Amino acid sequence: MSSALFSPFKLRKLALDNRIVVSPMCQYSAVDGRATDWHLGHWSQLLQSSAGMFTIEATAVSATARITHGCLGLYDEACENALSERLAIARRNAPPMPVAIQLAHAGRKGSSQVPWEGGQLIPRESGGWTPVAPSAIPQLPNESPPTALDAKGIGQIRDEFVAAAKRAARLGLDALELHCAHGYLLHEFLSPLSNQRTDAYGGSFDNRVRLPLEVFTAVREAWPHDKPLGVRISATDWVDGGWTIEDSIALVRRLKGAGCDWIDTSSGGISPAQKIPLGPGYQVHLAREIRRATSIATMAVGLITEAKQAEAIVASGDADLVAMARALLWNPRWPWHAAAALGAQIRTPQQYWRSAPREAPNAIANAKLGMR
Ligand SMILES: Cc1cc2nc3c(=O)[nH]c(=O)nc-3n(C[C@H](O)[C@H](O)[C@H](O)COP(=O)(O)O)c2cc1C
């Protein structure tokens with residue numbers, strides 16, 4: 001039986017063993033933006049998952065681009081060194097797997113408590129900072145407003161993304177994803193709900209897409225040409241008068257023209273008024289629409305939890321790749337079980353070659369064992 005989910009895929013020169021991508025997942029466990037031993041353990045687990053690619057969590061391009069004090073950063077030498085050291089150990093103990101990193105700016109969602117402390121905005125007087133945004137409109141009506149960026153601030157943000165991309169290249173990371181989703185800064189520029197600027201960066205569609213496209217183009221130039229660069233978008237705000245799937249398709253056409261290699265198709269996050277029809281694969285149709293309209297490689301994400309469900313998404317051409325988050329936290333060996341269920345094969349550490357179950361004795365590729 002041949003499986004679409006377990007067929008190889010290429011993003012530029014980068015070869016993926018299969019179509020399963022570990023979705024970026026904030027761990028809120030960094031110190032001053034620096035990776036800690038928590039990351040070492042977390043990355044090790046997921047690098048042994050046999051997914052096709054692992055994506056490092058939303059990684060801030062400056063200290064004030066972090067969502068929380070615990071967010072990972074890539075904005076100084078200390079961040080770069082901490083990430084380099086932990087990742088090297090995690091990679092050494094796993095079969096080869098491409099590693100992507102998601103570069104992000106939290107915008108008006110910055111200066112928040114970590115989720116397990118309630119996730120609320122931390123005021124300056126309690127050790128927070130004043131977040132920046134396209135317009136001085138708070139995320140929630142009762143919150144104090146962010147500072148609207150001026151032209152100099154916008155230029156600085158672009159430079160920070162470029163500097164972080166150069167650090168990512170120096171670290172030897174394989175792929176890079178720009179976070180333009182979930183109500184963070186670049187999404188805030190796209191959506192008319194959060195962007196009410198009257199200069200060249202707000203108002204018309206052309207103006208609202210300007211900063212995300214400028215950041216993309218500048219990062220594309222700084223990031224090695226043979227390495228893939230993708231974008232995560234919120235394909236719809238799920239709010240009347242907000243960003244729509246038609247807007248997304250128009251944006252993706254421009255991103256594709258600028259050298260974008262994949263669209264990671266998420267949704268929502270800009271407004272508490274959003275009405276999301278949650279259910280299995282609830283965002284897959286957005287990936288399908290973008291793929292059909294633009295022929296770009298898409299990643300579907302959101303409540304994809306079953307092997308047959310993931311297989312059908314790829315086999316039907318709804319998406320080229322399937323990104324998964326919570327199901328992989330719950331069971332980091334999800335791809336092993338999916339391969340066994342679909343009659344496919346995965347690569348595992350050789351120390352685990354004896355683990356294949358009786359019902360799927362050939363699930364581990366190249367397993368050779370001898371003893372006397
Ligand atoms: C713990 C956790 C952390 C997350 N952090 C990020 C992140 O850093 N960047 C991002 O784009 N999405 C983040 N997400 C969203 C996931 O990547 C994913 O899009 C979402 O959870 C839906 O997929 P799922 O149903 O497979 O979990 C996070 C989700 C979880 C559960």
Side-chain angles (χ1 to χ4, degrees), residues 5 19-30 33 35 38-39 41-43 45-46 49 51-61 65-68 70-74 83 99-107 109-110 112-117 119 164 168 175-188 190 212 230-236 238 262-270 274 276-287 298-307 309-310 313-314 319 321-332 334-335 338:
L5 185 64
R19 310 301 185 92
I20 305 164
V21 174
V22 182
S23 203
M25 279 183 274
C26 291
Q27 296 298 295
Y28 312 104
S29 300
W38 172 263
H39 293 93
H42 172 67
W43 294 341
Q45 279 198 69
L46 289 163
S49 68
M53 183 161 80
F54 172 68
T55 315
I56 296 176
E57 68 196 75
T59 302
V61 298
R66 292 175 300 167
I67 310 167
T68 73
C71 285
L72 193 64
L74 193 49
L83 205 156
V99 175
I101 189 166
Q102 188 189 50
L103 294 184
H105 192 301
K109 286 187 166 178
S112 299
Q113 292 165 334
V114 298
W116 46 82
E117 284 168 10
L176 203 147
E177 181 176 272
L178 290 186
H179 199 345
C180 292
H182 302 170
Y184 298 113
L185 186 74
L186 296 177
H187 181 190
E188 288 162 19
L190 295 175
V231 175
R232 172 169 272 203
I233 59 168
S234 280
T236 169
W238 302 111
W262 78 86
I263 293 293
D264 182 356
T265 317
S266 192
S267 71
I270 204 79
Q274 65 188 13
I276 306 184
L278 275 181
Y282 69 102
Q283 296 171 145
V284 172
H285 69 285
L286 300 167
T298 58
M299 227 179 247
V301 65
L303 289 179
I304 300 166
T305 56
E306 306 303 321
Q309 178 196 16
I313 290 167
V314 179
L321 297 158
V322 168
M324 297 176 54
R326 289 164 292 184
L328 281 170
L329 285 188
W330 187 249
N331 176 9
W334 189 95

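Given the structure is predicted, the values throughout are model-derived calculations rather than measurements. Counting starts at 1 for both ligands and their atoms, in listed order.
Between Asp264 and Glu177, the closest side-chain pair of non-hydrogen atoms falls below 4.5 Å. Residues Leu329 and His42 form a side-chain contact, since some pair of their non-hydrogen atoms from C-beta on lies under 4.5 Å apart. When side chains are defined from C-beta on, Arg326 counts as touching Leu303, because their heavy atoms get closer than 4.5 Å. Between Met324 and Val21, the closest side-chain pair of non-hydrogen atoms is not below 4.5 Å. Between Trp43 and Leu83, the closest side-chain pair of non-hydrogen atoms falls below 4.5 Å.
Remark: minimum distance from atom 29 (C) of ligand 1 to any protein heavy atom is reached at Met25 CG, 4.1 Å. Scanning the protein heavy atoms around atom 6 (C) of ligand 1, the nearest turns out to be Pro24 O, 3.0 Å. Considering only non-hydrogen protein atoms, atom 10 (C) of ligand 1 sits nearest to Arg232 NH1, 3.3 Å.
Residue-ligand proximity, His182 to ligand 1, at heavy-atom distances under 4.0 Å covers atoms 10 (C), 11 (O), 12 (N). The ligand atoms of ligand 1 that sit less than 4.0 angstrom from a heavy atom of Ser23 are 16 (C), 17 (O), 18 (C), 19 (O). Atoms of ligand 1 found under 4.0 Å from any heavy atom of Val301 (numbered from 1 in listed order, with element): 18 (C), 19 (O), 23 (O). Near Gln102, meaning under 4.0 Å from any of its heavy atoms, are these atoms of ligand 1: 7 (C), 8 (O), 9 (N), 10 (C), 11 (O). For ligand 1 and Met324, the ligand atoms under 4.0 Å from any heavy atom of the residue are 26 (O).
With a 4.0 Å cut-off on non-hydrogen atoms, His179 touches ligand 1 through its side chain and not its backbone.
Checked by distance only, ligand 1 and Ala325 come closer than 3.5 Å through their nitrogen or oxygen atoms. Taking only nitrogen or oxygen atoms, main chain and side chain alike, Arg326 reaches within less than 3.5 Å of ligand 1. When only interatomic distances are considered, the shortest N/O to N/O separation between Cys26 and ligand 1 falls below 3.5 Å. Looking at Gln27 next to ligand 1, no N or O pair under 3.5 Å apart turns up. Every N/O-N/O distance between Ala327 and ligand 1 stays at or above 3.5 Å.
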Exercise. For His187 and His182, what are the C-alpha separation, side-chain angles and deciding distance, and is it a side-chain contact (heavy atoms from CB on, under 4.5 Å)?
Worked result: CA-CA 7 Å; His187 181 190; His182 302 170; 5.5 Å; no
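Rounded to the nearest 0.5 angstrom, Gln309 CD and Thr305 OG1 are separated by 5.0 Å.
Residues satisfying the side chain to side chain contact (heavy atoms under 4.5 Å, CB included) criterion with Thr236, sequence neighbours excluded, are Trp238, Ser267, Leu286.
Under a cut-off of 6.0 angstrom, the local environment of CH2 in Trp116 is crowded, with over 12 non-hydrogen atoms contributed by other residues, nucleotides or ligands.
Exactly one of Leu321, Ile20, Val322 qualifies for a side chain to side chain contact (heavy atoms under 4.5 Å, CB included) with Val314. That residue is Val322.
Residue contacts with ligand 1 include Gly302, since one of its heavy atoms falls under 4.0 Å from the ligand.
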